[in-house]
Amino acid sequence: MGFTKEEIFSPHRLRHSFATRQTELGVDLLTLKELLGHADVATTFNYSNPGSDHLEKRVRMAQEKWRNQLLNFNKKGE
């Protein structure tokens, strides 16, 4: 049919892609567990596989939040 190997996917692979994308969008694992119909959150964790750029972005967001909290704490103490 003219599809490359990368363009052909199974329903199982689609579920993995869905879980990964939802994780990258910030959906928490417990909500995603319900969306996927898993009984155990450990299964959901195995389905989500965000890329390193997503993890780096989340770390930077957390660092910025902590920095702002520290600055606000210091201002209140002055």
Side-chain angles (χ1 to χ4, degrees):
M1 295 188 76
F3 293 110
T4 66
K5 187 176 181 178
E6 292 78 28
E7 293 173 321
I8 299 172
F9 56 88
S10 67
H12 185 73
R13 188 167 164 194
L14 183 60
R15 283 175 59 87
H16 277 274
S17 295
F18 172 79
T20 297
R21 182 68 179 135
Q22 296 306 303
T23 301
E24 290 175 346
L25 290 172
V27 175
D28 65 277
L29 286 178
L30 293 177
T31 301
L32 191 55
K33 171 187 159 294
E34 295 300 318
L35 290 172
L36 293 172
H38 292 152
D40 188 357
V41 74
T43 305
T44 308
F45 181 77
N46 291 331
Y47 265 74
S48 62
N49 188 18
S52 61
D53 58 330
H54 168 73
L55 297 175
E56 184 176 331
K57 178 182 173 186
R58 299 295 286 189
V59 167
R60 285 186 184 157
M61 288 172 57
Q63 288 173 332
E64 186 65 29
K65 180 180 177 180
W66 298 330
R67 184 178 303 115
N68 289 336
Q69 287 176 340
L70 182 60
L71 289 173
N72 289 333
F73 179 78
N74 287 339
K75 285 180 185 178
K76 290 178 184 178
E78 292 177 355

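Positions are given from 1, in the same order as the sequence printed here.
Nearest heavy atom pair, residue T44 against residue L29, reads CG2-O, 3.8 Å.
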Check residues 16-23 and write down every donor-acceptor pair under 3.5 Å in which the side-chain atom is one partner and the other belongs to a residue at least two apart or another chain.
unit_1 : atom_1 : unit_2 : atom_2 : d
H16    : ND1    : Y47    : O      : 3.4
H16    : NE2    : H12    : NE2    : 3.1
S17    : OG     : R13    : O      : 3.2
T20    : OG1    : H16    : O      : 3.0
T20    : OG1    : N49    : N      : 3.1
T23    : OG1    : A19    : O      : 2.9

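Listed by chain and number, the residues in a side chain to side chain contact (heavy atoms under 4.5 Å, CB included) with N46 amount to none (sequence neighbours excluded). Taking the side-chain hydrogen bond (donor to acceptor under 3.5 Å, both in side chains) definition, one finds that Q63 meets it with nothing, sequence neighbours left out.
Counting only distance, with no hydrogens or angles, the side chain of D28 and the backbone of T31 share a donor-acceptor pair below 3.5 Å.
In this structure, L32 is not a member of the same hydrophobic cluster as L25, with clusters built from ILVMFWY side-chain heavy atoms closer than 4.5 Å.
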